[in-house]
Protein chains: 2
Amino acid sequence: MRKKYTIKDIAELAGVSKGTVDRVIHKRGKVSEKAFVDVTRILEEIDYKPNLIARNLKNNKVYSICVLIPDYHLDDYWLSCKEGIQSVKQEFSAFDIEINTLLYHSKDVNSFLQKSNEVLNLKPDAVLMVPSFQKESETIINLLASQDIVVSIFNNNIPNNKIFNFVGQDLIKSGRIAAKLFDLILGNGKVAILYIGANFKNATYFHEKDQGFKEYIQQTETALSSVTKTFSSENLEIELIDFLNQHPDIKGIFVTNSKTYMVAELIKKHKLKDLKLIGYDLLEENITYLKNNTIQFLIHQNAKHQIHLGLTNLIEHFMFGKKTPKRNLLPINIINSENLSSYTQKETIYE
Amino acid sequence: MRKKYTIKDIAELAGVSKGTVDRVIHKRGKVSEKAFVDVTRILEEIDYKPNLIARNLKNNKVYSICVLIPDYHLDDYWLSCKEGIQSVKQEFSAFDIEINTLLYHSKDVNSFLQKSNEVLNLKPDAVLMVPSFQKESETIINLLASQDIVVSIFNNNIPNNKIFNFVGQDLIKSGRIAAKLFDLILGNGKVAILYIGANFKNATYFHEKDQGFKEYIQQTETALSSVTKTFSSENLEIELIDFLNQHPDIKGIFVTNSKTYMVAELIKKHKLKDLKLIGYDLLEENITYLKNNTIQFLIHQNAKHQIHLGLTNLIEHFMFGKKTPKRNLLPINIINSENLSSYTQKETIYE
DNA sequence: TTGTATGCGTTATCAC
DNA sequence: GTGATAACGCATACAA
């Protein structure tokens with residue numbers, strides 16, 4: 001059985017004191033050349049791994065993390081983040097972690113800036129945020145980084161080398177997946193790629209999914225074609241029905257966000273039975289339409305998993321010095337009415 | 001900021017010594033009624049959570065875990081378990097965990113019994129095993145449990161209340177998912193449900209998937225029908241082609257295990273273009289046929305994730321006293337050629 | 001029945 | 001430069 005070496009062992013082997021070993025390990029200087037060489041050699045020989053538990057014992061600081069995300073009271077998509085935060089809190093309840101959640105209005109830059117400022121004032125050890133507004137996010141991230149606050153982001157990526165970790169999905173792939181699914185269930189025909197909501201210019205996800213979908217059409221021998229269109233939520237019914245009348249060859253609709261249920265509703269209402277529908281996210285309303293076969297597939301972006309992993313990465317970095325990848329690209333889950341429950345069920349049956 | 005209470009704090013608050021508090025917490029007895037009441041009250045008041053890090057510091061034992069699984073040199077399905085074990089070893093490299101892997105021949109009871117005996121001789125703290133042979137597994141589990149060895153299982157479940165934790169998938173759901181996918185891509189027609197391999201009686205997974213598939217047909221308004229058939233790997237070509245000739249109305253094939261590529265091979269060879277194929281697991285060979293559209297969908301059982309979670313559960317139980325559910329039912333992933341890479345890519349881009 | 005002393009491995013302080 | 005030593009929070013052996 002592999003013996004576990006401690007600093008004490010190394011000190012004895014090198015014929016020096018624990019203090020000297022510590023100075024070598026942490027490169028604190030004030031060590032004679034000979035001692036440095038001897039200790040370094042032994043460290044390598046035995047492949048010394050510090051005991052992280054003991055290391056953290058001393059560190060009786062309460063780590064504070066701020067979560068800065070869109071208000072989940074205003075958009076159900078973010079609701080699962082609440083659960084994600086909750087489950088992390090539970091998981092690490094035995095440790096000294098403090099998580100503050102700040103919610104901003106995802107369509108309102110001022111709200112974002114205001115909450116960002118609150119985060120700055122809280123002076124946390126780390127921040128996990130959704131960078132909804134690219135330019136403003138960059139400013140905030142730089143500001144936080146300049147105060148030695150570790151910053152991670154999730155959901156959508158923005159280029160910034162100060163970011164500790166990004167968790168999300170490859171959205172171009174996501175669009176390709178939708179195309180492939182239509183390819184399988186339709187065989188041929190036109191698919192409408194829709195954005196529903198305000199201000200689609202800020203929704204980079206929409207452009208990437210759109211791009212992925214078209215990429216698939218171009219790169220494979222599919223008989224599919226596509227048409228891209230944006231709608232506001234308010235006038236969706238009139239505008240969409242009008243649009244469909246103008247394009248009677250549309251056989252499928254790909255909704256690029258969680259508002260899929262809004263289209264499903266109209267399909268039901270206007271009895272557009274032959275329209276196939278694929279969209280995003282396991283909101284209650286979407287699930288209803290998935291179960292009654294109005295929606296054929298939902299692509300699961302798993303915001304809960306994303307925030308959970310983002311937080312876990314930060315915590316394990318602080319608590320255990322665990323290495324964290326720059327990017328975590330999560331699997332893109334294809335959900336239909338049958339495997340749905342395997343994703344939504346609670347794992348925790350303690351009996 | 002929430003203050004963090006230690007045993008020392010509680011001792012002071014209760015006007016007793018740390019030793020007394022310790023005795024109350026661990027119910028060791030030898031405490032006066034008054035002290036017991038006082039300390040208990042304070043513990044509840046402040047919602048005391050012991051510092052698990054400090055608790056384990058003392059415990060300089062090397063935890064040993066035995067992994068008992070089918071030989072992955074003989075069946076590629078189990079190959080990903082190797083990676084799973086490797087990644088757990090890396091993840092916990094800073095801790096004192098010793099993992100021994102023992103491989104048995106999955107079709108040979110004697111090999112299983114022999115390796116089980118080796119496990120017993122190793123006297124580990126815990127065992128994570130695949131209970132391939134139900135009766136023999138039960139005997140072994142009881143034997144291990146009687147020696148206070150914690151036993152977890154994964155892949156397939158067997159009823160035994162001594163089992164610490166089971167990780168796997170709901171296989172009836174799994175069969176339903178396959179049916180739903182055929183329903184979407186075929187609309188109607190007959191699907192052959194196949195088992196390929198030796199000794200299908202021991203393959204409980206086959207019966208559950210078969211059952212799930214039929215359940216879907218009965219419970220929904222689908223126009224699908226099914227026919228169930230078992231083949232040996234050896235004579236598959238002759239037997240399957242013969243079978244298909246006898247059933248010219250078969251439009252889809254559902255292979256209930258990872259041998260899906262064997263059917264794909266025949267579809268290619270015999271140019272059975274119109275046959276839709278759905279099967280299991282991301283073996284190299286299956287992936288090839290998924291990418292060239294011979295296989296429409298693969299259902300991902302994720303043995304790597306299963307063994308990873310099984311091991312993590314055990315380790316975190318020992319190291320941190322973390323609560324573990326009796327069962328972890330993992331999501332059932334639907335894989336097509338486009339979302340495949342999001343599952344297979346390595347997450348660890350440290351840059 | 002209770003309190004005190006010691007040790008786990010690491011780190012920080014301080015005297016030499 | 002170096003080596004003792006105390007401290008982190010908990011568990012426990014032992015003294016009272």
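Computed from heavy atoms alone, side chains included, the values below leave out hydrogens, waters and symmetry copies. Naming: A, B, ... by sequence-line order, numbering from 1 per chain.
Atom pair A/Asn51:CG and C/dG9:C1' shows a separation of 6 Å (rounding to whole Å applied). When the P atom of D/dA7 is taken as reference, atom NZ of B/Lys18 falls 11 Å away, rounded to whole Å. Going from atom CD1 of A/Ile10 over to atom C1' of C/dT10 covers 11 Å, rounded to whole Å. Atom CG of A/Asp9 and atom P of C/dG7 are 16 Å apart (whole Å). Distance A/Ile7 CD1 to C/dC8 C1': 13 Å, rounded to the nearest Å.
Residue A/Tyr48 places no side-chain N or O under 4.0 Å from the OP1 or OP2 atom of C/dG9. Distances shorter than 4.0 Å separate none of the side-chain N or O atoms of B/Thr6 from OP1 or OP2 on D/dG9.
Residues B/His317 and B/Asn313 have side chains not in contact (no heavy-atom distance under 4.5 Å, counting atoms from C-beta outward). Side chains of B/Leu122 and B/Leu102 form a contact here, defined as non-hydrogen atoms less than 4.5 Å apart.
The aromatic rings of A/His300 and A/Tyr343 sit perpendicular, their planes meeting at an angle over 60°, well past the 30° parallel limit.
Nucleic acid contact class of B/Lys8 (heavy atoms, under 4.0 Å, all strands): none.
Among residues two or more places apart in sequence or in another chain, the side-chain contact (heavy atoms from CB on, under 4.5 Å) test is passed with A/Ile25 by A/Ile7, A/Val21, A/Leu43, A/Tyr48.
Counting only residues at least two apart or on different chains, no ring-ring contact (aromatic ring centres under 6.0 Å, His included) pair has a member in residues 136-161 of chain B.
Within residues 20-44 of chain B, the residues approaching DNA chain D are B/Asp22, B/His26, B/Arg28, by heavy-atom distance under 4.0 Å.
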**OP:** Evaluate side chain to side chain contact (heavy atoms under 4.5 Å, CB included) for A/Val167 paired with A/Ser152, printing each intermediate quantity in order.
**Re:** CA-CA 8 Å; A/Val167 177; A/Ser152 287; over 6 Å; no
